[in-house]
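In what follows, a single structure is set out as structure tokens and then discussed.
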There are 2 protein chains.
Amino acid sequence: MPSPQGVHRLVQKLESITDLTEAERQGLLSLPLRVQEVRADQDITREGDRPTQSFLLLEGFICRYKLTQVGKRQIFAFHTPGDIPDLLTLHLKTLDHNVGTVTACTVGFIQHEHLHELLRQQPRLMDVFWRDTLVDGAIFREWMLGIGRRSARTRIAHLFCEMTTRLRAVDLVDGNRVPLPITQAELGDALGLSTVHVNRSVQELRGDNLIEWQGGVLTVLDWESLKAAGEFDPTYLHLSGSHTVP
Amino acid sequence: MPSPQGVHRLVQKLESITDLTEAERQGLLSLPLRVQEVRADQDITREGDRPTQSFLLLEGFICRYKLTQVGKRQIFAFHTPGDIPDLLTLHLKTLDHNVGTVTACTVGFIQHEHLHELLRQQPRLMDVFWRDTLVDGAIFREWMLGIGRRSARTRIAHLFCEMTTRLRAVDLVDGNRVPLPITQAELGDALGLSTVHVNRSVQELRGDNLIEWQGGVLTVLDWESLKAAGEFDPTYLHLSGSHTVP
DNA sequence: CGTATCCTTGAAGGACTTCAAATGTTGTGG
DNA sequence: CCACAACATTTGAAGTCCTTCAAGGATACG
């Protein structure tokens with residue numbers, strides 16, 4: 001009993017970066033999913049695991065992260081409904097990082113064999129998924145640029161812009177209200193900052209009337225200024241056309 | 001007149017992360033290359049370009065980077081012979097970062113149409129190249145972890161370990177002597193550090209008798225200690241078997 | 001052999017971290 | 001629906017890792 005609404009977000013997400021034929025859409029929609037609820041702050045897959053399935057995120061927020069030897073955490077990516085955060089295990093048998101929930105989530109597990117079968121029937125979907133992993137890499141690079149070379153304020157503004165843009169592409173943004181149910185500590189782990197400094201920088205953005213952020217909802221008050229503050233240029237998201245402009 | 005030696009490094013590199021059939025090897029070796037020399041510090045492709053070809057690096061070192069608005073540079077990756085640094089333009093039509101030489105290089109341009117043709121004839125090579133881009137992403141993540149959460153000393157030691165391991169996989173390491181013809185400024189741009197601080201940290205590693213580094217050659221004096229200093233675990237490189245141990 | 005580039009050193013300053021504690025918010029069970 | 005625990009945000013203060021600025025040596029190359 002796959003959640004049609006959830007799977008539809010996958011189609012929507014892929015169509016935000018490419019075009020799909022009706023047969024390809026159908027193939028995706030008929031993937032057999034084992035739907036499961038997962039509580040917040042749970043690991044779904046861990047470094048070193050060798051999964052035989054991937055999962056489609058249907059509801060909630062997921063992050064991918066790794067820990068240093070002294071236990072510091074770096075979050076590499078936030079994933080939103082429609083994403084397949086561990087698609088890479090299809091080709092990289094041993095996972096090299098952790099995948100865990102940020103909020104309570106609904107996920108749909110897909111056996112790798114079913115994905116392989118779909119890709120055999122619809123070979124062009126392989127290009128589509130490959131392209132998706134390339135966009136994934138592009139997002140990593142942009143985060144790297146921020147962590148390595150931008151100030152805390154700029155990094156945070158940039159991430160706000162990115163999440164706004166990505167969530168808009170899967171129709172999860174309501175006007176200027178963007179779901180962003182992460183803590184300041186998680187934001188720090190994503191941007192290489194301490195919680196304290198995240199807090200002060202967010203207050204700066206609030207003080208400048210660029211955003212509000214409370215109750216897991218980010219409200220963008222001044223998109224142009226926020227883009228400027230974050231040096232945000234959405235090219236790296238490789239969205240096709242209509243999704244780049246709010 | 002393709003350089004057989006150079007192309008062979010591509011085969012060798014791909015075989016370090018997967019297996020190839022004889023037909024696949026032949027297909028790769030017979031790719032039509034337009035060989036060209038490029039001086040040091042030249043951009044080969046730039047942000048915003050829409051190339052119709054990719055290039056195989058035959059000799060030299062290449063880096064991929066991006067600049068912030070204030071002109072600070074972040075290097076995302078160093079590429080070594082056997083790599084196709086801009087393979088992603090096969091599916092991401094607009095390049096979102098720059099690709100430039102570090103040293104003088106020999107490169108072999110390959111028209112995208114020829115790559116597409118090869119992938120049609122040898123469909124399994126698509127998995128291989130996809131896998132290669134996934135490893136690329138894994139390397140990004142490990143760099144992110146370093147930039148975001150590790151000390152300068154650890155970051156530098158880690159990069160030394162990574163380059164040693166990757167160059168060994170393509171047979172470019174002579175004993176404990178590793179070609180590393182980059183400046184300290186470039187190392188800083190790769191790790192999110194200032195040149196001055198790179199210099200002091202490298203001196204620390206030298207002072208602890210872990211490495212020597214001069215004339216573009218890194219000499220690893222104490223591999224185990226260097227690995228420990230860099231918190232280096234090569235799992236993320238996804239090398240298959242024999243390449244992980246020096 | 002001169003010039004450009006790279007490496008090295010010193011000193012001062014700043015962005016961010018760490019530690020510590022108060023305040024605010026959320027969710028759950030009584 | 002209140003009470004309380006657990007968690008998240010906020011504030012203050014001190015310290016540190018790293019940056020920036022500046023200049024002197026070393027090295028490479030035409």
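Chain letters run A, B, ... following the sequence lines, proteins first, then strands; residues in each count from 1. Quick caveat, the model's predicted, so the values are computed rather than measured. Computed from heavy atoms alone, side chains included, the values below leave out hydrogens, waters and symmetry copies.
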Base, sugar-phosphate alone, or nothing: which one does A:G188 contact when heavy atoms must sit under 4.0 Å apart?
nothing
Decide, yes or no, whether a salt bridge links A:D189 with B:R149 under the criterion of side-chain N to carboxylate O below 4.0 Å.
yes
Nearest whole Å is fine: how far is C:dC16 P from A:R153 CZ?
12 Å
Return the value, rounded to whole Å, for the distance between atom CG of B:L205 and atom P of C:dT8.
12 Å
Length of the line joining A:K72:NZ and D:dC17:C1', which is rounded to integer Å:
11 Å
Separation of D:dT9 C1' from A:L193 CG (nearest whole Å)
16 Å
To the nearest Å, how far apart are A:H197 NE2 and D:dA14 C1'?
16 Å
For residues B:D86 and B:F55, determine if any side-chain heavy atom of one lies less than 4.5 Å from a side-chain heavy atom of the other.
yes
Under 4.0 angstrom between B:Q203 side-chain N/O and C:dT9 OP1 or OP2
yes
Roughly how many Å is it from CZ in B:R150 to P in D:dC18, rounded to a whole number?
14 Å
Sugar-phosphate, base or nothing in reach of A:R206, heavy atoms under 4.0 Å:
sugar-phosphate
Over-ring placement of A:R64 relative to A:F76, 6.0 Å and 45° cut-offs:
no
Does a side-chain N or O of A:N199 approach OP1 or OP2 of D:dT9 to a distance below 4.0 Å, or not?
no
From CD of B:E204 across to P of C:dT8 the rounded distance in Å is 14 Å
Touch check for B:G216, heavy atoms < 4.0 angstrom, all strands: base, sugar-phosphate only, or nothing?
nothing
Going by distance alone, is a donor N or O of one side chain under 3.5 Å from an acceptor N or O of the other, for A:E142 and B:H97?
no
Are the charged groups of B:R200 and B:E204 less than 4.0 angstrom apart, N to O?
no
Tell me: CZ of A:R39 to P of C:dT28, nearest whole Å?
12 Å
The answer to which of A:S201 and A:G215 contacts DNA chain C further toward the 5' end, by nearest nucleotide, is A:S201
Specify the residue among B:I182 and A:R200 whose closest nucleotide of DNA chain C lies further upstream toward the 5′ end.
B:I182
Does C:dT25 have OP1 or OP2 sitting under 4.0 Å from an N or O in the side chain of A:Q214?
no
Heavy-atom nearest nucleotide on DNA chain D for A:V196 versus B:S151: which residue maps closer to 5'?
A:V196
Out of D:dT9, C:dC16, D:dT19, minimum distance to the side chain of A:Q184 belongs to D:dT9
How would you label the contact of B:T183 with the nucleic acid (heavy atoms, under 4.0 Å): base, sugar-phosphate, or nothing?
sugar-phosphate
